[in-house]
Amino acid sequence: MLLVSGMLRDVLDGAVDLLLGGACVGCARPGRPLCAACAGQLPTSGRPAWPDPVPPGLAPPWAAGEYDGTLRAMVLAHKEHRVLALRGPLAALLAAAVAGLLDESPCGPVVLVPVPSRPGAARARGHDPTTAVTASAARLLRSGGRDVVAWPLLRSRRGVLDQSGLGATDRAANLAGSMRCPTRPLRRLAARRPRARFVVCDDVLTTGATTREAQRALESVGLTVAGVATMAATRRQFQSPDL
Ligand SMILES: [Zn+2]
């Protein structure tokens, strides 16, 4: 029922975008928020996206594509302007990154854990974009036969600043100890998925500081983090000659 109402809501959002005279976020063509031509150019598989420098101990990070052009416009339009019709295409990108990671090291039942938004950010935006896209990505992966669920297991503590504009060192300091894993959902999870491995999910991988903090919070309560998956990664992650 939840799935049906979610799908219905997405269909309605798409209809509203059309009625209000939307345009493609990639090429500005009038019509859908993502035209068929731009959709056809999106990545369909994930690849490793190690930041430079790598935060010590970071689990293998995978991303669908570079944070640029249409992909960047999609992430921003969905997150900041609530263009919810982009949720499906963004979920497909995140699912591609997760699938790449899981194909590299198959690991049984998997739980996708979205990076939590800062306290108050979801309320201000009217939605929690990363959590919503992660849930949709898990549905896509399940429909492909994989044993994957999405659980928003992490919470952000108050006092965390907006990361944009901060360098790698400041980001790490801003985030240190900023996330935690409350015990009640963990107990339910332990009962339902005792051997699960965990994948931290986020929209954009920049320095890796945010996902590393999420990984730390999960590992601090004894969970095994198999990797990190994001829809996009900033350019330098893809410049390594061995990729
Ligand atoms: Zn387009």
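Counting starts at 1 for both ligands and their atoms, following the listed order. Computed from a predicted structure; not experimentally measured.
- Of the possible polar contacts, one joining the Glu213 side chain to the Ser178 backbone as a donor-acceptor pair under 3.5 Å is found.
- Using a cutoff of 4.0 Å between basic side-chain nitrogens and carboxylate oxygens, Arg146 and Asp103 are scored as salt-bridged.
- Results of the side-chain contact (heavy atoms from CB on, under 4.5 Å) test with Val115 over Asp203, Val228, Asp202 single out Asp202 as the only residue that passes.
- Listed by chain and number, the protein atoms of type N/O/S under 2.8 Å from the Zn ion (ligand 1) are Cys24 SG, Cys27 SG, Cys35 SG, Cys38 SG; waters are omitted.
- Taking the side chain as every heavy atom from C-beta outward, Lys79 and Met74 never approach each other to under 4.5 Å.
- Side-chain atoms of Thr131 never come within 3.5 Å of backbone atoms of Asp128 as a donor-acceptor pair (strictly under, hydrogens ignored).
- Of the residues Thr130, Val75, Leu205, Leu93, the one that meets the side-chain contact (heavy atoms from CB on, under 4.5 Å) test with Thr230 is Leu205.
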